[in-house]
A.B. asks: 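Okay, here's the structure, questions in a sec.
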Amino acid sequence: MTSPLVSIRGLEKRFDLSGSLLEQISFEGGRFRRKQEAVHAINGVDLEVQKGEALCVVGESGCGKSTVARTVMGLLSPSAGEIHYDGQRIDNLDGKAALPYRRKMQMIFQNPYASLNPRMTIQQTLEEPIRFHHPDWSQTQVRDKIHEVMHSVGIDPDWGSRFGHEFSGGQRQRIAIARALAVDPEFIVADEPISALDVSIQAQVLNLLMDAQESRGLTYLFITHDLAVVEHFGTRVAVMYLGRVCELTDTRTLFATPRHPYTQALLSAIPKLEDDRPNHIRLKGEVPTPVNLPSGCVFHGRCPYANERCRQEVPQLIATDGGTQVACHAVEEGRL
Amino acid sequence: MTTATVSRWDRFRESFFWYSFKRDKVAIASFAVLLLMVLAAIFAPLLAPTDPYDLAQINIMNSELPPVGMSGSDPAFPLGTDAQGRDLLSTILYGTRVSLMIGFGAVILQAFLGILFGLLAGYLGGKVDAILMRIADVQLSFSTLMVAIIVGAVFKASFGNLMFGEIAIYMLIFIIGVAEWPQIARTVRASVLAEKKKEYVDAAKVMGFGTRRIMFRHILPNTLSPIFVIATVQIANAIISEAALSFLGLGMPETQPSLGSLIKSGFDYIQSGSWWITLIPGLVLVVLVLVINLLGDWLRDVMNPRLYKG
Amino acid sequence: MALLEVKNLDVRFAVRGGDLTALRGISFTLDKGERLGLVGESGAGKSVAAFSILNLIAKPGYIAGGQILFEGRDLAAMSERELRKIRGNRIAMIFQDPMMTLNPVLTIGTQMVEAILAHRKISKKEARAIALDRLQKVQIPSPEKRLDQHPHELSGGMRQRVIIAIALLLDPEIIIADEPTTALDVTIQAEIMDLLLNLCEQENVALMLITHDLGVVSQVTQRMLVMYSGRIIEQGPTREIINDAQHPYTQGLINALPQMGEPGERLFQIPGSMPSLKNVPSGCPFHPRCNFATEQCKHAMPEYVRSGNVNVACYEVANLIEQEKRMQEAES
Amino acid sequence: MLAFLVQRISQALLVMFVISVIAFAIQDGLGDPLQEMVGMSVSEEEREAIREELGLNDPMVVQYLRFAGNALQGDLGNSYFYSKPTLEVIAEHLPATLELVIGASLIIVFLSVPIGVYAAIRPQAWLSKFFMGVSTVGISIPVFLTAIVLIQLFSIGVTVNWFPSDTGWGQWLNDFFTTEGGLPSYGRGDELTHLFGTWESGFFTGTGLMHLVLPSVSLASIMLPLFIRLIRAEMMEVLQSDYIRYARAKGLSAGRINFLHALKNTMLPVITVGGVQIGIMVAYTILTETVFQWPGVGLMFLEAITRSDIPLIVAYLMVVGLIFVITNTVVDLVYGLVNPTVKLTGKKA
């Protein structure tokens with residue numbers, strides 16, 4: 001097996017909530033206590049993205065999927081763990097040393113209404129990164145490149161002098177994709193790129209992303225909460241819950257035989273057109289806050305199969321005979 | 001190049017900005033009055049019948065003459081004269097000039113400090129933010145006028161009256177500029193914090209752009225419209241602050257009067273019935289501040305109705 | 001007679017440079033205990049339609065024409081005072097974002113009791129008992145405690161349950177739910193939708209569900225309306241439309257869903273995007289994006305034609321039906 | 001709750017520390033106690049000896065600590081002019097200023113809330129537009145000018161003959177603008193009630209109250225428009241919110257929606273801003289007191305500046321700083337208590 005393009009090793013990310021020293025002090029049971037609180041957004045995630053694939057990360061809000069994306073892109077620095085690109089550790093690089101990776105790795109964002117600078121024309125938006133990464137290029141080279149990317153995302157190059165607000169949401173997302181493609185990246189992190197768009201536009205953008213993958217040989221890390229999109233788009237899927245990966249497998253297997261009880265519930269919750277009557281697996285309670293993580297398996301509070309071991313011991317991702325990796329004691333013990 | 005300028009002009013003429021200006025009678029009238037006053041102030045040396053700084057032109061015999069239309073008035077002094085016999089019209093023209101210079105000067109200084117500190121505090125966050133904003137909080141809770149009075153008093157005490165008179169105009173620009181920077185810094189910081197969360201900033205970071213480039217090229221242009229609104233209102237506030245300081249004797253000396261010191265110099269004679277020395281410059285001051293405030297209100301409504309309450 | 005009958009409803013927004021038409025000639029009915037879905041993409045006018053029924057459209061919107069008959073009385077022509085007797089009492093609403101819907105400074109109990117006391121002359125104690133009963137109905141854990149809590153102490157899913165409980169307080173005839181689960185997580189969404197569906201069935205309440213999610217509509221509702229650019233372009237029994245949509249837009253919308261395509265293959269896509277209210281195309285508003293558009297489509301909005309139990313506003317469909325008829329005639 | 005309290009109080013202490021450093025710097029930079037004490041005729045050696053004795057040659061930090069230590073014991077030096085402890089001088093003048101602030105605050109509270117709420121509920125009514133227009137004019141008039149105009153209109157008797165007196169309407173207009181006597185515009189009057197300590201109150205006698213009218217009105221004139229605009233803006237924003245629309249959908253009466261749902265949410269931000277503004281009003285007392293010769297700390301401060309009475313200036317700074325810090329802290333605490341979404345840990349939930 002070839003080495004992965006991107007590998008995430010033992011990634012953890014905490015956001016400190018407690019503020020200054022004074023804000024940490026509280027008065028409990030007759031004495032002062034110092035209380036430090038943090039959001040445990042990611043708690044030990046290992047993932048490898050193979051060249052040419054589309055690895056999807058799914059989960060509900062607060063599961064840490066976007067934090068994974070932002071940490072991989074260097075927008076956040078990990079609290080622990082490492083990010084490697086093509087065998088080179090990149091999470092500790094700064095400034096100049098990181099520049100080549102800035103070009104090779106690009107990102108597409110969720111909200112097309114916020115991801116374009118409102119004071120810049122489309123021309124300026126696309127020109128700036130090209131000039132920044134290729135200071136030696138001539139005027140014509142830059143212009144040709146802009147034409148090429150605008151053409152490839154289906155935006156008329158004559159519209160370059162317009163501003164973002166003159167376009168519809170779908171068109172803006174195309175422009176944002178063009179900006180990412182302008183520096184010829186190899187790897188693209190897409191953070192919920194279609195969830196802010198209407199159904200008919202979602203299809204356009206998904207098609208565009210698939211076309212770009214084919215023609216440019218791109219590798220995707222695709223973050224989404226929409227399992228239907230995953231089924232269509234993903235090569236492999238990682239299901240996250242409260243900062244951990246609970247199931248990792250190729251897409252077909254996941255939809256055919258989901259193993260983790262959370263994955264099963266998630267799949268049953270998708271409203272399908274064929275059904276006449278929903279038949280959801282009902283989970284107890286709600287997603288706990290990532291501030292006070294439950295002990296043991298983070299899912300035990302809502303899991304119908306939880307036992308004492310689940311409350312105590314954190315399950316590790318273990319490969320099963322179907323090739324699926326699952327972090328679940330019940331699966332491991334054959335109870336499920 | 002001409003096509004670009006034309007298209008920018010066209011863009012302006014099609015903009016909501018221009019559209020709402022054309023439809024707002026109050027805004028048009030305010031702008032016209034402000035323009036008139038600014039022009040009159042700029043061309044004061046040409047327009048004024050006499051030069052109030054020139055002692056040779058002043059005759060003490062002409063003191064406290066009432067405005068035209070009242071008994072005892074002299075047509076040579078349409079708005080009457082002050083206690084020293086200076087032509088009130090001329091002193092008002094020159095005084096407006098001084099007031100406007102201080103107003104604009106102080107706001108330019110405020111804007112410079114406010115934008116810089118606001119941008120740094122908002123974008124860098126952490127300790128820089130905490131320190132800058134704590135200073136701003138303390139200054140604001142003390143009220144800007146109070147800070148200005150204290151700084152003015154300290155300056156006056158350390159320079160002495162004479163010296164203070166000579167450099168008063170720069171002092172006032174400095175005092176008001178420094179006293180009021182937190183107003184602009186807070187506005188800038190608030191909009192930087194809002195902009196920083198937007199994904200175009202992340203997109204710029206992902207591109208590998210440096211901090212300075214992101215701050216000044218990407219974020220700053222997007223915070224300009226609130227700055228514009230608050231700066232307008234701040235000009236009005238600066239003019240009032242100047243008048244207040246001058247009224248307290250901490251501002252412009254009577255030999256080099258601003259509207260505030262004119263009001264102050266007249267205040268001593270109001271008991272004797274010479275109300276015009278105080279009230280005419282007062283009226284000019286109110287009209288000047290009012291039209292700027294009205295323009296500020298209009299700008300705020302156009303640019304962002306939710307911005308800047310109070 | 002239908003419980004609610006909307007006839008030729010026109011809603012406009014008074015903005016600079018004249019009025020924008022947000023809804024044009026909307027007509028539909030809702031029967032007692034029926035569940036009706038209102039489907040469309042953003043900008044289609046589905047929320048405006050929902051809010052106009054109780055005349056709660058945000059300014060500068062206003063009802064410019066048409067009737068909204070509730071038990072035979074026209075809500076559009078009613079005074080504010082009369083309308084108030086119906087709002088929350090006979091017709092209840094559920095809003096999209098549970099985080100924004102409840103007043104942050106008042107307790108859950110206050111907000112429930114006030115809704116009862118606005119319509120019933122009973123004591124506060126009795127009202128509190130009713131509130132408690134409804135909280136139990138929506139299966140909120142420790143309901144007693146919730147009454148004294150403030151909204152920020154509850155999670156999003158819990159708040160939406162509280163809002164459903166408030167909707168049920170006065171046993172209304174109709175519940176209008178505007179995207180009630182969009183702001184919630186997938187697993188919570190499913191639970192809230194189940195709850196709403198079960199309660200409506202139990203209490204025989206008519207439900208008007210506004211959503212962009214075809215999956216939810218197909219699972220929950222019996223009939224559906226498809227909206228495009230302020231018009232209803234197709235309406236009929238949900239199953240019939242989902243299985244065999246007539247209008248090219250509805251077809252496109254269904255086929256664009258990832259679950260309809262083969263994994264890894266390109267999805268069916270409708271070109272372009274929904275026009276803004278400022279420049280709605282003439283004729284059939286969908287014609288610039290439609291593969292079947294002809295010259296005819298550019299000039300006048302098509303009339304509704306009936307195909308099976310579905311009403312469709314499309315020239316193409318009308319022509320097909322016409323052709324079929326002629327062929328049948330020719331055969332006979 | 002306790003954490004919140006500790007945090008706010010330590011913040012207040014920090015601010016007081018900064019203020020004391022500034023005050024110390026001013027005293028050190030401007031005041032030369034020697035000159036006041038010994039005059040010009042003393043030789044340089046003797047001066048040096050006294051310097052040493054007074055500790056003026058000690059390191060800055062030591063001098064500051066001595067200053068702060070004395071300040072904590074209520075000793076901020078003696079006023080040059082009054083020749084008695086500065087705090088005593090301030091204590092004599094403070095009641096007058098506080099009564100002025102209270103008078104103005106009462107006017108502001110009782111007028112701004114109803115007007116602001118009305119203007120928010122009926123933004124299109126002519127009365128709202130009138131109020132908003134007047135408030136714009138109001139913030140454009142400097143407080144001292146308002147004071148002067150008030151004196152001109154209500155205090156000094158003015159005989160007007162601007163209009164032709166041979167016509168009936170002209171005479172009527174002249175009479176209308178002619179005023180005689182009127183409200184007092186100078187000082188607090190001489191009928192003050194002694195309450196306790198140095199507190200002499202003008203609240204309990206007719207003349208005392210009469211004297212309070214014009215100064216309070218002028219002091220209120222600058223804040224009132226600001227409060228009206230603030231309340232209106234906040235309330236209009238609240239009225240746009242989803243929960244107000246939801247309250248309407250529940251069929252609640254307009255009164256309950258406006259005065260419970262909307263007003264309660266409006267007043268929360270108004271409390272914070274309002275508290276700060278009351279502190280700011282103290283600065284405007286300097287102007288008001290100057291015009292009306294009101295014997296409060298503002299006038300005292302201004303006189304201290306002209307007399308270069310450095311210890312009194314420094315003491316005023318410290319006292320006013322303390323007042324600001326206390327009001328701000330109290331406002332923060334009140335806000336935390338009133339707003340259910342603040343969990344009193346210093347953070348919003």
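Just so we're on the same page: letters track the sequence lines, and every chain starts at 1. It should be emphasised that the depicted structure is a prediction, and the values quoted were computed from it without experimental measurement. All values below come from the heavy atoms of this structure, side chains included, with hydrogens, waters and symmetry mates left out.
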A.B. asks: With a 4.5 angstrom heavy-atom cut-off, which part of C:Ala115 approaches chain D: side chain, backbone, both or neither?
C.D. replies: both
A.B. asks: Tell me whether C:Glu144 at atom CD has more than 12 heavy atoms from other residues, nucleotides or ligands lying less than 6.0 Å away.
C.D. replies: no
A.B. asks: Against chain C, label D:Ile244 side chain, backbone, both or neither, depending on which of its atoms sit under 4.5 Å from a heavy atom there.
C.D. replies: neither
A.B. asks: Can you name the nearest heavy-atom pair linking D:Gly251 to C:Ala118, along with the distance?
C.D. replies: O-CB, 3.9 Å
A.B. asks: So which heavy atom on C:Met93 is nearest to which on D:Ala249, and how close?
C.D. replies: CB-CB, 4.3 Å
A.B. asks: Measure the CD1-OH distance between C:Ile94 and D:Tyr246 for me, rounded to the nearest 0.5 Å.
C.D. replies: 7.5 Å
A.B. asks: What distance separates C:Phe95 CZ from D:Arg245 CZ, expressed to the nearest 0.5 Å?
C.D. replies: 5.5 Å
A.B. asks: Any side-chain heavy atom of D:Lys250 sitting closer than 4.5 Å to one from C:Gln111?
C.D. replies: yes
A.B. asks: What distance do C:Asn103 atom CG and D:Asn265 atom CG have between them, rounded to the nearest 0.5 Å?
C.D. replies: 4.5 Å
A.B. asks: More than 12 foreign heavy atoms under 6.0 Å from NZ of C:Lys124: is that the case here?
C.D. replies: no
A.B. asks: Distance check, rounded to the nearest 0.5 Å: D:Tyr243 atom OH versus C:Leu102 atom CG?
C.D. replies: 11.5 Å
A.B. asks: What residue, out of C:Ile166, C:Leu54, C:Leu169, has the most heavy-atom pairs lying under 4.5 Å from chain D?
C.D. replies: C:Ile166
A.B. asks: Given that the side chain runs from C-beta out, which part of C:Ile57 has a heavy atom under 4.5 Å from chain D: side chain, backbone, both or neither?
C.D. replies: backbone
A.B. asks: Evaluate the side-chain proximity of D:Ser241 to C:Met100: yes if any heavy-atom separation is below 4.5 Å, no if none is.
C.D. replies: no
A.B. asks: Within a strict 4.5 Å, meaning less than it, do heavy atoms of the D:His261 and C:Glu114 side chains meet?
C.D. replies: yes
A.B. asks: Against chain D, work out which of C:Ile176, C:Leu170, C:Ile163 has the most heavy-atom pairs shorter than 4.5 Å and name it.
C.D. replies: C:Ile163
A.B. asks: So how far is it from D:Arg248 CZ to C:Glu80 CD, rounded to the nearest 0.5 Å?
C.D. replies: 5.5 Å
